[in-house]
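Below is one structure, written out as structure tokens; the observations come after it.
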Amino acid sequence: MNLSKKILSWYDNNKRTLPWRVSQKSRKKQYYRILSEFMLQQTQVKTVIPYFNNFVKKIPSLKVLSNKNEKTIIKLWEGLGYYSRAKNLHKTSKILIKKYNGQIPKSFVKLKELPGIGDYTANILLALIYNQSRVALDGNVKRVLFRLDNINTENQVNLFKTKRNGDLAEALMEFGALVCKPKNPICHECKIKNMCAYFASRSKIGFGRKIKFQLKNYDIFCYLKKNKKQIALTKNNDLGFLKKFNLPKIKEASKKNKNWKFLCNYKNSISNKKLNINLYYKFSSKIPFEYNWYSLNKNNEFIPSFTKKIFKQILHLY
Ligand code: SF4
């Protein structure tokens with residue numbers, strides 16, 4: 001059984017009943033999903049439930065929402081916080097009614113033009129409403145994927161092939177919230193523990209003991225384009241635990257770094273490794289053939305967070 005089947009079978013037997021989880025065919029689906037996704041931004045499920053129930057009782061559809069005034073919406077939102085979400089939802093409902101005939105667009109680009117909808121919300125709505133194959137990375141999902149194998153999200157897309165894309169997106173979040181929790185994941189009951197790098201490393205060390213971090217020194221070398229905010233990355237690096245990551249050149253620290261300029265030193269953790277990193281750079285338009293140029297600014301889903309931390313440091317140079 002592949003990973004997606006295992007997660008989905010766990011989900012089918014364990015998912016919570018939540019008021020916005022209506023059937024695929026329900027006419028309320030689009031409205032309930034967009035409303036709940038706005039409410040769930042920065043807020044926990046158990047806090048959202050009573051607000052959601054009250055909101056849909058008073059405002060039962062997108063059309064009704066678009067005709068209300070902002071004060072009414074804010075009043076119903078009172079206590080949930082982050083009121084910009086309520087204002088954006090209200091503006092979005094008006095656009096959806098006027099421009100899209102009350103339907104949520106099927107295009108990622110068009111969805112992202114709507115107020116309050118970023119990458120994550122666009123991805124999750126497309127998966128949930130249109131069953132599109134989308135990687136919607138909230139904190140729960142990032143943690144699950146990271147613990148499973150430490151590999152980047154590009155590879156995860158292949159690991160999670162299924163026809164039930166919407167269910168899978170939700171199943172991963174649910175699994176992260178209920179089983180693969182931030183503290184004390186319930187590994188002994190986990191259906192995918194035999195595929196999990198974190199479980200394997202904990203088994204070796206012993207579950208009663210804390211993972212001991214090894215601090216190691218690494219040098220990272222970044223080729224940069226002078227006027228374009230671009231960095232050269234490759235998946236071709238020799239360090240096993242970073243295999244298949246999109247990265248600049250990385251190697252164990254040495255003192256022979258003559259042709260590179262030192263930028264900074266910082267620490268980053270991966271699994272049970274703590275990396276003490278010296279970051280070097282040079283401006284160059286020529287790069288080795290196994291590298292490709294990437295924008296430092298574009299929010300690229302397939303750049304792992306380890307590499308994004310490098311981007312952050314590098315951006316200080318521009
Ligand atoms: S074995 Fe533990 S860490 Fe690994 S996926 Fe399952 S719950 Fe998460």
Side-chain angles (χ1 to χ4, degrees), residues 41-42 118-120 123 135-157 159 172 176 180 182-183 197-198 201 211-254 257 259-284 287-288 290-318:
Q41 288 166 6
Q42 286 125 346
D119 283 4
Y120 166 77
N123 277 324
V135 185
L137 294 168
D138 75 340
N140 282 325
V141 177
K142 277 186 194 163
R143 184 175 61 256
V144 174
L145 300 187
F146 184 76
R147 281 175 175 169
L148 273 174
D149 206 14
N150 271 351
I151 56 178
N152 69 34
T153 48
E154 194 171 359
N155 296 308
Q156 308 296 351
V157 176
L159 274 177
L172 279 167
C180 195
K183 283 184 193 165
Y198 179 89
S201 68
I211 291 180
K212 204 175 162 204
F213 284 95
Q214 317 154 344
L215 184 66
K216 276 195 126 190
N217 301 317
Y218 291 92
D219 292 336
I220 292 182
F221 303 94
C222 305
Y223 291 102
L224 305 173
K225 267 199 190 159
K226 188 135 195 147
N227 304 317
K228 274 200 161 174
K229 293 193 184 174
Q230 284 188 338
I231 183 169
L233 304 178
T234 178
K235 286 188 182 173
N236 209 354
N237 75 73
D238 303 332
L239 302 176
F241 65 98
L242 291 172
K243 228 165 113 189
K244 296 178 186 163
F245 266 54
N246 255 325
L247 274 175
K249 181 176 166 181
I250 176 164
K251 61 185 187 66
E252 287 191 20
S254 80
N257 303 322
N259 301 321
W260 297 85
K261 285 185 188 155
F262 176 74
L263 177 64
C264 64
N265 170 272
Y266 67 97
K267 293 188 175 53
N268 200 351
S269 299
I270 287 196
S271 188
N272 64 339
K273 291 183 175 55
K274 203 165 202 173
L275 279 57
N276 179 33
I277 292 167
N278 297 312
L279 195 60
Y280 295 87
Y281 71 97
K282 71 165 80 158
F283 289 109
S284 166
I287 49 174
E290 69 270 30
Y291 285 72
N292 290 305
W293 289 109
Y294 288 79
S295 161
L296 286 159
N297 276 335
K298 221 166 91 186
N299 194 354
N300 190 326
E301 285 275 340
F302 300 136
I303 299 292
S305 56
F306 182 85
T307 309
K308 282 184 183 160
K309 278 199 184 150
I310 299 171
F311 285 16
K312 238 188 204 171
Q313 310 289 349
I314 294 291
L315 277 167
H316 292 304
L317 287 168
Y318 287 91

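Nothing here was measured: the structure is a model prediction, and the numbers come from that model. Along the sequence shown, the residues carry numbers beginning at 1.
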What heavy-atom pair brings G176 and V144 nearest, and what distance separates the two atoms?
CA-CG2, 3.6 Å
Intermediate values then yes/no, side chain to side chain contact (heavy atoms under 4.5 Å, CB included), L224 and L317:
CA-CA 10 Å; L224 305 173; L317 287 168; 3.6 Å; yes
Rounded at 0.5 Å granularity, tell me how far CZ in F311 sits from CG in L233.
5.0 Å
With a 4.5 Å limit on heavy-atom distance, are the side chains of T234 and N246 in contact?
no
Just by modelled atom types, is the I277 backbone N or O under 3.5 Å from a matching donor or acceptor in the N265 side chain?
yes
Where do C264 and Q313 come nearest, in terms of heavy atoms and distance?
SG-OE1, 3.6 Å
In sequence, state the C-alpha distance, the side-chain angles, and the governing distance for K249 and I220, and then conclude on side chain to side chain contact (heavy atoms under 4.5 Å, CB included).
CA-CA 6 Å; K249 181 176 166 181; I220 292 182; over 6 Å; no
From Y280, F262, W260, residue fulfilling side chain to side chain contact (heavy atoms under 4.5 Å, CB included) relative to D219
Y280
What distance do R143 atom CZ and L148 atom CG have between them, rounded to the nearest 0.5 Å?
11.5 Å
Looking at R147 and A197, would you say the former's side chain and the latter's main chain have a donor-acceptor pair under 3.5 Å?
no
Rounding to 0.5 Å, atoms CG (L145) and SG (C180) come to a distance of 9.5 Å
I'd like to know if the side chain of T307 reaches the main chain of L247, judged simply by a donor and an acceptor atom lying under 3.5 Å from each other, with no hydrogens or angles considered.
no
Do the non-hydrogen side-chain atoms of I310 and Y281 ever get within less than 4.5 Å of each other?
no
Does any part of the side chain of F221, heavy atoms only, come nearer than 4.5 Å to the side chain of I250, both counted from C-beta?
no
So, Y223 versus Y291, ring centres under 6.0 angstrom or not?
yes
Just how far is it from atom CD of Q230 to atom CD1 of I287, taken to the nearest 0.5 Å?
9.0 Å
Side-chain donor/acceptor of N276 to backbone N/O of Y218, under 3.5 Å
no
Between K228 and W293, is there a side-chain heavy-atom distance shorter than 4.5 Å?
no
Given side chains that start at C-beta, do those of K229 and S295 come closer than 4.5 Å, heavy atoms only?
no
Answer yes or no: are there more than 12 heavy-atom neighbours, outside K261 itself, under 6.0 Å from its atom NZ?
no
Between L263 and I314, does a side chain to side chain contact (heavy atoms under 4.5 Å, CB included) hold up when you go through it step by step?
CA-CA 8 Å; L263 177 64; I314 294 291; 3.9 Å; yes
Considering all heavy atoms of both residues, which atom of I231 and which atom of P248 are nearest to each other, and what is their separation?
CD1-CG, 4.2 Å
Please report the C-alpha distance between L172 and D138 in whole Å, then the side-chain angles of each, then the deciding distance to 0.1 Å, and finally whether the side chain to side chain contact (heavy atoms under 4.5 Å, CB included) criterion is met.
CA-CA 10 Å; L172 279 167; D138 75 340; over 6 Å; no
Shortest non-hydrogen contact from N259 to K282?
O-CE, 3.5 Å
Check: K309/N268 side-chain N/O donor and acceptor closer than 3.5 Å
yes
I want to check something: taking the side chain as every heavy atom from C-beta on, are K216 and E252 in contact at a cut-off of under 4.5 Å?
yes
Take atom NZ in K226; do more than 12 heavy atoms of anything else shown fall under 6.0 Å from it?
no
